[in-house]
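This is a predicted model, so every value here is computed, not measured. Remember, it's 1-based here, ligands and their atoms both numbered in the order they're listed.
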Amino acid sequence: MDAGLKTISIGMLGAGVVGSQVARLLQSDRQELSDRSGALLVLKKVGVRTLSAREGIDTSMITTDLNSIVTDPEINIVIEVMGGIEPARTLILEAIKNKKSVITANKALLATHGHELFNAADAAKVDLYYEAAVAGAIPIIRSMRESLAGDQITRVMGIVNGTTNYILTKMHEEGREFADVLKEAQALGYAEADPSADIEGHDAAAKAALLASLAFHSTVTIDEVYCEGITKISIDDVNAAKAMKAVIKLLAIAEITVNDEISVRVHPVMLPISHPLASVRDAFNAVYVESEAAGELMFYGRGAGGAPTASAILGDLVAVTRHRAYSTVGYGESDYADLDIAPTSQVRSQFFVRLHVADKSGVLASIAQTFASEDISIQTVRQAGMGKDAELIVVTHKASEDALDACVKKLSKMEIVTKVESVIRVEGAVS
Ligand code: HSE
């Protein structure tokens with residue numbers, strides 16, 4: 001190790017699953033990190049909410065005085081892995097005010113207050129890096145912000161939540177019900193005791209906002225993301241998808257509409273098994289990017305967990321440290337395009353509609369007529385089951401959400417319709 005190297009002192013906010021891995025790797029890979037960044041990286045303080053011994057972290061570093069970390073004149077870089085909006089937002093703003101570069105994994109914070117934080121970092125001429133905030137170890141932020149900076153991204157579709165992908169994979173492969181697999185996911189530690197952020201789609205929505213902002217050079221916040229989780233997906237939907245050589249995935253989608261607006265949403269999607277995202281199994285994440293010149297790209301890997309997330313943080317740390325050595329900063333927020341968000345009601349998709357109907361003559365014609373009354377063209381219809389109550393599966397051509405909603409309302413009121421069981425958006429050649 002070069003004794004003449006400058007020392008860069010690091011303060012870390014949080015010492016949970018990710019923080020403890022960052023501390024471990026900073027220690028075990030000290031030499032490589034120093035060779036790669038051109039400075040000696042030293043963890044000086046670790047802030048926690050409640051004092052207790054943390055494996056691999058010297059107790060003398062641990063403090064509950066979080067403010068003392070962001071105001072410490074000797075600390076150059078703050079790593080925020082505590083999560084939540086407050087006090088993380090105030091602490092990061094204070095760190096930036098004190099000229100510290102910041103590395104954060106906090107998607108909820110960036111998807112809510114990112115614009116304020118990036119502006120503050122810009123004004124203070126420090127870095128605010130966040131590779132770990134979207135899809136853990138997958139280097140998607142740097143790829144979109146730097147490698148694809150010369151291209152025009154048209155659409156991003158991501159499996160960005162491992163818990164829901166694990167649940168949907170098990171439902172598809174083992175034929176088990178949602179509630180049963182959720183319990184297993186909780187026992188395995190994939191899903192939180194309160195799994196709502198994952199299964200209701202909010203975690204994916206924060207990531208969708210960050211991906212949309214990057215892809216389309218505009219500020220997109222989490223409250224602008226249409227969000228629908230996987231709690232209504234039943235084993236019957238999964239089996240119907242299987243019969244159509246398709247799978248159901250929870251996707252975060254950001255795309256440019258024909259009106260040059262951003263459509264950004266999280267919802268279950270039926271994908272043909274030939275689509276690259278269909279083969280992403282278990283808790284893995286993947287982001288599929290379509291751009292004008294590069295065409296289609298897919299990034300795949302581990303989207304959560306201590307060591308994978310720490311890998312992304314340490315990558316940021318090396319980059320930020322090198323910037324410090326050259327008294328420069330890297331890419332900040334790029335929001336020059338300032339595009340509007342498209343109203344979800346007008347977004348056009350193909351739809352899978354599963355309904356139970358009376359099995360008698362003329363029913364199919366009446367159902368088709370109802371779709372036609374909302375100007376929705378049908379691609380395929382199949383009937384499963386016979387007798388009093390038949391199951392109809394309709395796949396439509398592209399239609400607006402408004403038209404589909406109106407059609408479902410009409411269907412639900414028809415005497416021959418026992419129940420509209422489910423409506424799932426379809427992507428690609430499913431029929
Ligand atoms: N809970 C998330 C997941 C990881 O299941 O992927 C953190 O965003």
Tell me which protein heavy atom sits closest to [atom], plus the residue, atom name and distance to 0.1 Å.
{"atom": "atom 7 (C) of ligand 1", "value": "Lys107 NZ, 3.3 Å"}
{"atom": "atom 1 (N) of ligand 1", "value": "Asp198 OD1, 2.9 Å"}
{"atom": "atom 5 (O) of ligand 1", "value": "Thr163 OG1, 2.6 Å"}
{"atom": "atom 4 (C) of ligand 1", "value": "Ala304 CB, 3.7 Å"}

Legend entry - Carboxylate-amine/guanidinium proximity below 4.0 Å for Glu401 and Arg265: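 Salt bridge flag = no for Arg265 with Glu401.
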Legend entry - Region of Asp203 engaging ligand 1 - heavy atom pairs below 4.0 Å: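 For Asp203, the contact with ligand 1 is made by the side chain alone.
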Inset, instruction - Considering the heavy atoms of Lys207, write down every atom of ligand 1 situated less than 4.0 Å from one of them. - result: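 Counting from 1, the qualifying ligand atoms are 7 (C), 8 (O).
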Inset, instruction - Output the distance between atom NZ (Lys419) and atom CG (Leu355), rounded to the nearest 0.5 Å. - result: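 The NZ atom of Lys419 sits 11.5 Å away from the CG atom of Leu355.
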Inset, instruction - Give every residue pair that meets the salt bridge (charged side-chain N to carboxylate O under 4.0 Å, His left out) criterion with at least one member in residues 203-227, sequence neighbours excluded. - result: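 Only Lys107-Asp203, Asp203-Lys207 qualify under salt bridge (charged side-chain N to carboxylate O under 4.0 Å, His left out).
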Inset, instruction - Quick one: which residue pairs count as a side-chain hydrogen bond (donor to acceptor under 3.5 Å, both in side chains) with a foot in residues 83-92, not counting sequence neighbours? - result: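 Sorted result for residues 83-92: Glu86-Arg89, Glu86-Thr90, Arg89-Glu116.
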Inset, instruction - Please work out which of the three classes, parallel, tilted or perpendicular, describes the rings of Tyr336 and His217, given edges at 30° and 60°. - result: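 His217 vs Tyr336 ring planes: tilted.
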Inset, instruction - Establish, yes or no, whether a centroid distance under 6.0 Å links the rings of Tyr129 and Tyr331. - result: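 No - the distance between ring centres of Tyr129 and Tyr331 does not fall below the 6.0 Å cut-off.
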Inset, instruction - Please confirm whether Gly162 comes within less than 3.5 Å of ligand 1 when only nitrogen or oxygen atoms on both sides are compared. - result: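 Gly162 vs ligand 1: N/O contact under 3.5 Å present.
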